[in-house]
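Notes follow the structure.
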Amino acid sequence: QAQLQESGGGLAQAGGSLRLSCTSSRRIFNDYTVGWFRQVPGKEREFVGSISRSGTTTSYGDSVKGRFTVSRDKDKNTAYLQMNSLTPEDTAVYSCAGVRTILTATASAYTRDSLYHYWGQGTRVTVSS
């Protein structure tokens, strides 16, 4: 089991960028498909993006397509969420999640939060107008 830790949240202005990181101290993290989700109070958790174990496929929620990019660096046991062209509607607590998958699993198969076994504690992102 790999414990996940997010970092990089904070305050940004509309139109700006932030990069979130999801790090694990254990190399088993590299066997995981990694997903990013966000949640605001009173709303359901929303899928943001995912990256496959192989790192070759990604998938994105409709609200972030073309603005956000998920990537991973296996040498660093880290996944990233690059967020560009931020809007106040992106304000939320962002969490990364992991699930151990086969090497050929595709990111598009892992868009539901119920599929993930391991979660970080989340990092808050606030976008001001």
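Residue indices begin at 1 and follow the sequence shown. Reckoned from all heavy atoms, side chains included, excluding hydrogens, waters and symmetry mates.
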Regarding Thr78 and Ser21, do their side chains bring together a donor and an acceptor under 3.5 Å, going by distance alone?
no

Leu4/Cys22 under side-chain contact (heavy atoms from CB on, under 4.5 Å): CA gap, chis, key distance, verdict
CA-CA 6 Å; Leu4 309 181; Cys22 175; 4.1 Å; yes

Verify, without hydrogens or angle tests, whether Ser85 (side chain) and Gly15 (backbone) share a donor-acceptor contact under 3.5 angstrom.
no

Apply side-chain contact (heavy atoms from CB on, under 4.5 Å) to residues Leu20 and Thr123 and explain how you reach the verdict.
CA-CA 8 Å; Leu20 306 184; Thr123 185; 4.0 Å; yes

Could you tell me if the side chain of Arg53 sits less than 4.5 Å from the side chain of Lys74, heavy atoms only?
yes

Polar contact flag, side-chain donor to acceptor under 3.5 angstrom, Asn84-Ser17
yes

State whether the side chain of Ser108 and the backbone N or O of Ser59 hold a donor-acceptor pair below 3.5 Å, judged by distance alone.
no

Looking only at the aromatic ring of each residue, does the gap between the centers of Trp36 and Phe47 stay below 6.0 angstrom?
no

Please find the pair of heavy atoms, one from Val34 and one from Arg72, that lie closest to each other, and give the distance.
CG2-NH2, 3.9 Å

Arg26 vs Asn77, test: side-chain contact (heavy atoms from CB on, under 4.5 Å). Steps then yes/no.
CA-CA 7 Å; Arg26 300 189 63 188; Asn77 293 353; 5.7 Å; no

Any side-chain heavy atom of Glu6 within less than 4.5 Å of one from Ser95?
yes

Under 3.5 Å donor-acceptor, Thr58 side chain and Val70 backbone:
no

Heavy-atom pair with the smallest gap, counting every atom of Arg27 and Asp75:
NH1-O, 4.1 Å

For the backbone of Arg112 and the side chain of Arg45, can you confirm whether one donor and one acceptor N or O come within less than 3.5 Å of each other?
no

Does any part of the side chain of Arg38, heavy atoms only, come nearer than 4.5 Å to the side chain of Ser63, both counted from C-beta?
yes

Which pair of heavy atoms, one from Ser52 and one from Thr33, lies closest together, and at what distance?
CA-OG1, 3.8 Å

Here the pair of heavy atoms bringing Ser129 nearest to Ala14 is CA-CB, 4.2 Å

If the plane angle is over 60° it's perpendicular, under 30° parallel, otherwise tilted; pick one for Tyr116 and Tyr110.
perpendicular

Just how far is it from atom OG1 of Thr101 to atom CG of Leu115, taken to the nearest 0.5 Å?
11.0 Å

Steps toward side-chain contact (heavy atoms from CB on, under 4.5 Å) verdict (Asp90, Met83)
CA-CA 9 Å; Asp90 295 317; Met83 305 186 294; 6.0 Å; no

Quick check against the 3.5 Å criterion: does Lys76 have a side-chain atom that pairs as donor or acceptor with the backbone of Thr23?
no

Rounded distance (nearest 0.5 Å) linking atom CD of Glu46 with atom CG of Asp62:
9.0 Å

Give me the ring orientation class for Tyr94 and Phe68: parallel if the planes are under 30° apart, tilted from 30 to 60°, perpendicular past 60°.
tilted

Roughly how far, to the nearest 0.5 Å, is the NE2 atom of His117 from the OH atom of Tyr32?
9.5 Å

Answer yes if the side chains of Ser54 and Thr56 hold a donor-acceptor pair under 3.5 Å, and no otherwise.
yes

Cationic tip of Arg19 within the cone over Tyr80's six-membered ring, i.e. under 6.0 Å and within 45° of the normal?
yes

Given the ring of Tyr118, does Arg100 sit roughly above its face, with NZ or CZ under 6.0 Å from the centre of the six-membered ring and within 45° of the axis?
no

Any chain of hydrophobic side-chain contacts (each under 4.5 Å) joining Val40 to Leu11?
no

Mind checking whether Leu81 and Val125 sit in one hydrophobic cluster, side chains of I, L, V, M, F, W, Y counted as touching below 4.5 Å?
yes

Least distance between heavy atoms, Ala107 atom then Thr57 atom:
N-OG1, 2.9 Å

Are Val93 and Phe37 linked, directly or through other ILVMFWY residues, by side chains that come within less than 4.5 angstrom of each other?
no

